[in-house]
Amino acid sequence: RQVALKVLRQELGVLLGAERFLHEIKTTARLQHPHILPLYDSGSTAAEGGAGLLYYVMPYVQGETLRAKLEREHQLGIDEALRTIATAEAIENRY
């Protein structure tokens, strides 16, 4: 199966801390919603006690990210912005 491997920038990983990142990923992995992709795995490339890259693995979904769309179009249309907000609020209220 195709997967997406998301790697946290090292400086962000240092600020966040490996333990907190892994705890938050495990919490996120328990969420189930049609608009949330499942997480397959997560971890750190660090050897015991060392610094490494933090990562998580999720299903690969072909398409454009919201960030890329905003960089290309500079803003969303009203209908699309409202749909995006409504979806985010529904997810937040559910959890």
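Computed over heavy atoms, backbone and side chain alike; hydrogens, waters and symmetry mates excluded.
Residues Glu80 and Arg83 have side chains in contact (heavy-atom distance under 4.5 Å, counting atoms from C-beta outward). Leu70 has its side chain within reach of Leu76: a pair of non-hydrogen atoms, C-beta onward, lies under 4.5 Å apart. No side-chain heavy atom of Gln62 sits under 4.5 Å from any side-chain heavy atom of Gln2.
Leu22 meets the side chain to side chain contact (heavy atoms under 4.5 Å, CB included) test with Ser42; sequence neighbours excluded. Scored by the salt bridge (charged side-chain N to carboxylate O under 4.0 Å, His left out) test, Arg67 finds no partners at all (sequence neighbours excluded).
The two residues Pro59 and Tyr40 make their nearest non-hydrogen contact at CG-OH, 3.4 Å.
The distance from the CD1 atom of Ile25 to the CG atom of Asp41 is 10.5 Å, given to the nearest 0.5 Å. In this structure, CG in Leu54 is found 13.0 Å from CZ in Arg9, a value given to the nearest 0.5 Å. Interatomic distance, Leu39 CG to Thr27 OG1, rounded to the nearest 0.5 Å: 10.5 Å.
Under the 4.5 Å side-chain heavy-atom criterion for Ile, Leu, Val, Met, Phe, Trp and Tyr, Tyr60 and Tyr55 are members of distinct hydrophobic clusters.
Environment of CD in Gln75: sparse, with no more than 12 heavy atoms of neighbouring residues, nucleotides or ligands closer than 6.0 Å.
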